[in-house]
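Take a look at the structure set out below.
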Amino acid sequence: MSIAGNVGLTDLPRICPLISRRVQPSVDAEETRVVVVGEVQFGGVRPVVIAGPCAVESLEQTLAVARAVKAAGAEMLRGGAFKPRTSPHDFQGLGLQGLRILAEARRETGLPIVTEVMDPRLVETVSEYADMLQIGSRNMQNYPLLIEAGKSGKPVLLKRGMAASLCEWLGAAEYIAKEGNLDIVLCERGLKAFPAGEYSRNVLDLSVIPAVKGETFLPVIVDPSHATGVASMVESASCAAIASGSHGLIIEVACIDEGAARPKCDAAQAISPETLSNIVRFIDTHIERTAMRKAHAV
Ligand code: PEP
Ligand code: MN
């Protein structure tokens, strides 16, 4: 399964021996490490759907979205309490209050929480509330942050840098692994490559999924929301990601039709809970078909 020998990948066993399939002979060629978050399993039979708002804006908004995504079949809740924004004048998230709101949403729905941490000094605090730490695209190579996330012992969702090579991405994961934490889930979220920005926010690199699987046993998921930036593109990008072997999806959802305010962050890419249900149904069908194909093969 390895694509060893490809230009640029030959250095991987040296860069990231702890997570390299080629260096860890104990891990079977086809096997993925199962990363457990509460009752959720990344890398198991069923792709995991994480959904929720881009940012935690209020208790009401977060609870409404959390209930809706749970009803649509999501297994985990996302939502940023600390938001990386291009302008320092834009909404930066509710911080600690946002973390408390997420904890309340988990208490009510039972959904485990993934939320972003941007500052190494805040890893301890965010870890008190979150079930999984998200390291965002902009911070993929923030090495002190990766080290703190590794030390926290929490499962980590490591997004790919928006212009990062596979070597750089897996090298970042190795920093977490070096602290003794192998509970890492990789997340492809689109690249700033031509023609990003023309008709979609980024360019979704689906070929990286089999490439990741060839080089590491860590599970890999896809974020179709930031990859496309356009709500009408999210369903097809999600289905394509699942068909490409993604171990899950992380999707931004808003309940705008219920009279709620337009999201302060990334409103253009937020899908409705109904569209999320369609994606979950696609996954159900995909799993059934895969099981049938396997049964016919034996
Ligand atoms: C996010 O998921 O909220 C986010 C900011 O994503 P990214 O780091 O991929 O831009
Ligand atoms: Mn967002």
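Just follow the structure's listing: the first ligand is 1, and inside any ligand the first atom is 1.
Residues R106 and L111 fail the side-chain proximity criterion, which asks for heavy atoms closer than 4.5 Å. Residues V69 and P273 fail the side-chain proximity criterion, which asks for heavy atoms closer than 4.5 Å.
A salt bridge links E215 with R22: at least one charged nitrogen is closer than 4.0 Å to a carboxylate oxygen. A salt bridge between E108 and R67 is present, with a side-chain N of the basic residue lying under 4.0 Å from a carboxylate O of the acidic one. A salt bridge does not link R85 to D266: none of the charged side-chain nitrogens sits closer than 4.0 Å to a carboxylate oxygen.
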Original post:
Passes salt bridge (Lys or Arg N to Asp or Glu O under 4.0 Å), R33 versus D183? Steps please.
Top reply: CA-CA 8 Å; R33 177 184 169 82; D183 289 333; 2.9 Å; yes
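With sequence neighbours left out, R281 forms a salt bridge (charged side-chain N to carboxylate O under 4.0 Å, His left out) with no residue at all.
Excluding waters, the count of protein N/O/S atoms less than 2.8 Å from the Mn ion (ligand 2) comes to 4.
For ligand 1, the protein residues within 4.0 angstrom (heavy atoms only) are R78, K83, P84, E116, Q134, G136, S137, R138, K159, R189, H226, E252.
Contacts classified as ring pair (Phe, Tyr, Trp, His ring centres under 6.0 Å) and involving residues 126-181 (residues at least two apart or in different chains) are given here: Y143-Y175.
Each of L77, I113, V114 was evaluated against D131; a single residue qualifies, I113, per the side-chain contact (heavy atoms from CB on, under 4.5 Å) test.
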